[in-house]
There are 6 protein chains.
Amino acid sequence: MKVTVSRKAHFNAAHRLYNNDWTDARNAKIFGKCANPNFHGHNYELIISVKGEIHPETGFVMDMKVLKQLIHEEIEEQFDHKNLNEEVAEFKTLNPTAENISVVIWQKLRSKISAELELTVTLYETPRNFVTYTGE
Amino acid sequence: MKVTVSRKAHFNAAHRLYNNDWTDARNAKIFGKCANPNFHGHNYELIISVKGEIHPETGFVMDMKVLKQLIHEEIEEQFDHKNLNEEVAEFKTLNPTAENISVVIWQKLRSKISAELELTVTLYETPRNFVTYTGE
Amino acid sequence: MKVTVSRKAHFNAAHRLYNNDWTDARNAKIFGKCANPNFHGHNYELIISVKGEIHPETGFVMDMKVLKQLIHEEIEEQFDHKNLNEEVAEFKTLNPTAENISVVIWQKLRSKISAELELTVTLYETPRNFVTYTGE
Amino acid sequence: MKVTVSRKAHFNAAHRLYNNDWTDARNAKIFGKCANPNFHGHNYELIISVKGEIHPETGFVMDMKVLKQLIHEEIEEQFDHKNLNEEVAEFKTLNPTAENISVVIWQKLRSKISAELELTVTLYETPRNFVTYTGE
Amino acid sequence: MKVTVSRKAHFNAAHRLYNNDWTDARNAKIFGKCANPNFHGHNYELIISVKGEIHPETGFVMDMKVLKQLIHEEIEEQFDHKNLNEEVAEFKTLNPTAENISVVIWQKLRSKISAELELTVTLYETPRNFVTYTGE
Amino acid sequence: MKVTVSRKAHFNAAHRLYNNDWTDARNAKIFGKCANPNFHGHNYELIISVKGEIHPETGFVMDMKVLKQLIHEEIEEQFDHKNLNEEVAEFKTLNPTAENISVVIWQKLRSKISAELELTVTLYETPRNFVTYTGE
């Protein structure tokens with residue numbers, strides 16, 4: 001029996017939307033106030049979902065204490081109270097849209113979680129905007 | 001890499017559940033207090049989800065500003081503070097259940113969004129009742 | 001020791017904002033789309049708060065089962081799936097704004113709850129608009 | 001047209017995580033404070049989702065009043081204000097992890113819902129931990 | 001300028017409502033299923049509010065990191081994953097109603113927080129039931 | 001009859017906690033990661049509450065459309081997608097803690113709202129941290 005287990009986490013970060021290959025004018029035109037060179041920020045709410053067989057001895061798909069700790073080390077400690085553009089290596093050249101952040105989080109967690117488990121990342125940038133990435 | 005981006009919106013509307021082909025007695029029997037001829041209403045909470053490739057230049061699947069504006073024009077302006085049965089053309093003959101409203105919203109948005117993007121509509125009729133339509 | 005105990009409840013209703021003493025034109029000007037003669041509606045979320053001494057034997061300020069039942073009988077059964085303007089006596093002549101609804105709810109409950117207990121009504125008309133009435 | 005309709009419900013229960021085949025020491029090591037022999041508890045929030053064709057006469061996939069009543073009888077009355085380990089037959093020998101509870105709920109509802117409808121159970125053990133079971 | 005700062009926390013615990021001075025029959029009659037001798041449980045959500053002057057140098061009424069740590073040590077570590085009746089000294093003889101729990105939390109924190117600051121405890125027993133104690 | 005009416009709003013901004021009169025080392029010691037010189041950010045959720053008599057003709061304490069527009073012009077347009085330290089005049093010399101932001105918002109709105117109405121500002125910096133200022 002395959003069950004999906006999900007764990008919520010969160011981090012607060014600054015960012016701006018910016019394509020290094022474009023002029024500032026084009027960035028301002030496409031990204032509007034999200035391109036503000038002084039940055040703005042969000043409380044990112046994160047849901048990490050892992051799908052797999054229930055282990056017959058523990059009744060767990062994955063120990064939530066382990067998943068919580070993994071999210072803490074790999075994501076929260078790397079992103080929380082950071083400026084994503086300036087301080088997170090992946091976004092030096094990659095525009096930190098919610099879409100791209102969800103892919104980076106997925107990639108950082110994928111190698112740390114058993115390959116038998118399917119991984120999905122859901123990221124709320126605001127209470128009204130969110131994205132989901134399943135590795136597809 | 002395919003990501004799903006979602007945007008929340010909302011509208012407040014009156015409706016009643018009613019099948020024009022039935023007697024009032026049968027409507028009352030099947031739909032109970034939802035068939036009240038004087039109408040009742042809801043704060044409908046809407047989530048529009050769009051799935052597709054991340055555009056390499058923008059980092060967007062779809063510009064959320066564009067999606068927000070599209071939902072505003074096509075759905076919120078048509079449905080908000082309206083009586084769905086009396087004032088929305090689609091429900092003159094179609095019973096405005098949450099299921100049917102979600103299908104109508106999907107159809108209204110489908111032609112306005114690139115055919116390469118998958119579209120899903122989630123509609124909360126109350127905080128405890130909601131429906132999802134993917135076009136299947 | 002005085003504690004405030006609160007219980008959430010909800011009802012779905014249709015209404016329109018309308019002052020019987022005004023012309024339709026004036027109603028439309030002041031209340032905008034809220035004056036729509038075909039009505040619109042809301043999921044009203046209600047919080048009833050009661051403040052008083054903790055009873056030494058029960059540990060209760062008021063038995064929540066009793067409060068829940070009282071709200072059900074006096075408010076939910078009277079207002080749920082109703083058209084407030086057309087079907088609730090108090091709003092035949094009183095404009096059903098959130099402010100006025102909260103006062104009516106307070107008045108309906110006040111006589112049913114021990115006079116030693118302070119009563120507060122909080123009413124969410126939408127997730128973003130709410131009112132509070134304490135009897136002041 | 002296939003739509004998924006979902007209904008939220010809830011129950012409050014005590015439990016402990018415990019594998020009868022293990023020593024107490026091993027239970028304590030694997031499950032930590034969740035193995036507390038005096039039990040702890042949760043407000044379980046439940047979402048039951050049913051997917052199928054919209055019935056052309058009613059506009060319903062399934063009458064929500066029927067689904068609400070079914071959840072009440074089969075799940076809430078069996079689990080609410082209970083000690084899952086001690087008082088619910090299925091967990092006499094099965095460890096009441098969120099994963100296993102979701103499977104038990106799915107099995108209890110599956111036979112009561114038309115076989116043409118797909119069934120999904122989502123169970124929040126806490127606001128930050130939840131599981132989903134689709135019968136896979 | 002006096003500002004109120006609030007911090008949310010949470011703990012999961014088992015309890016039953018029980019007055020030691022009453023017969024089991026009377027406990028069952030008054031507390032209903034809440035008196036279940038096998039216990040039930042809740043995800044208690046806690047809001048600790050502290051009101052006082054803004055410190056001109058820090059801009060803080062109270063450092064949230066300090067408040068968070070204080071709640072963790074004094075409340076979460078004492079109550080989380082515990083059976084309140086069996087394992088928390090204060091409830092050996094005091095019925096663990098939400099009202100009484102809020103008073104106990106207030107008393108445990110009062111002496112740890114500067115006397116110049118006003119303290120309020122809000123405790124959600126379920127998403128629909130909550131209590132507030134200000135020390136009155 | 002005096003009722004309090006409340007309206008929710010929100011803005012996303014970057015900030016850092018920093019006292020200009022202190023050394024960087026002291027800022028880092030007192031404010032921890034909140035002093036990050038590259039900034040971090042939040043989705044600030046704002047609740048503006050106004051208390052006063054219900055106007056007998058409109059049934060309003062204050063027209064919510066007016067309050068919504070006022071919050072938009074005075075707060076959202078000034079703060080949204082901004083770096084509070086760098087781009088908002090009030091925080092050039094004032095540390096943008098949640099406490100200080102709530103006071104600044106209160107001061108910006110106070111002169112725009114009838115003096116007969118009491119004004120309260122509640123500001124969520126994160127879903128778990130919030131502050132309230134009443135002008136006291």
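To find a chain, count down the sequence lines: A is the first, B the second, and so on, and within it residues start at 1.
- Shown here is K29(E), whose NZ atom has no more than 12 heavy atoms of other residues, nucleotides or ligands within 6.0 Å.
- Among the candidates W106(E), F130(E), W22(E), Y133(E), the residue making the largest number of heavy-atom pairs closer than 4.5 Å to chain C is F130(E).
- The contact between H10(C) and chain E is made by backbone and side chain atoms together, counting heavy-atom distances below 4.5 Å.
- In this structure, chain E has no heavy atom under 4.5 Å from any part of S49(C).
- Among M64(C), E57(C), K51(C), K68(C), the residue with the largest count of heavy-atom pairs under 4.5 Å with chain E is E57(C).
- Only the side chain of E45(C) has a heavy atom closer than 4.5 Å to any heavy atom of chain E.
- Neither the backbone nor the side chain of P96(E) comes within contact range of chain C; no heavy atom of the residue lies under 4.5 Å from a heavy atom of that chain.
- A side chain to side chain donor-acceptor pair (under 3.5 Å) with Y18(E) is found for one member of N95(E), N85(E), D24(E) and no other, namely D24(E).
- Checked options Q78(E), E74(E), E90(E); the residue passing with K108(E) is E90(E) (criterion: side chain to side chain donor-acceptor pair (under 3.5 Å)).
- With chain E as partner, the option from M1(C), K65(C), K8(C) having the largest number of non-hydrogen pairs under 4.5 angstrom is K8(C).
- In this structure, F31(E) has its ring center under 6.0 Å from that of F60(C).
- In this structure, no portion of L67(C) lies under 4.5 Å from any heavy atom of chain E.
- Interface remark: L123(E) contributes no atoms to any contact with chain C (heavy atom separation under 4.5 Å).
- Side chain to side chain, N43(C) and Y124(C) fail the donor-acceptor criterion of an N or O pair below 3.5 Å.
- The two residues V61(E) and V50(E) make their nearest non-hydrogen contact at CG1-O, 4.1 Å.
- Using the six-membered ring where Trp is involved, Y44(E) and F11(E) have ring planes that are parallel, under 30° apart on the 30 and 60° scheme.
- Between chain C and the residues T97(E), T132(E), V131(E), the largest count of heavy-atom pairs under 4.5 Å involves T132(E).
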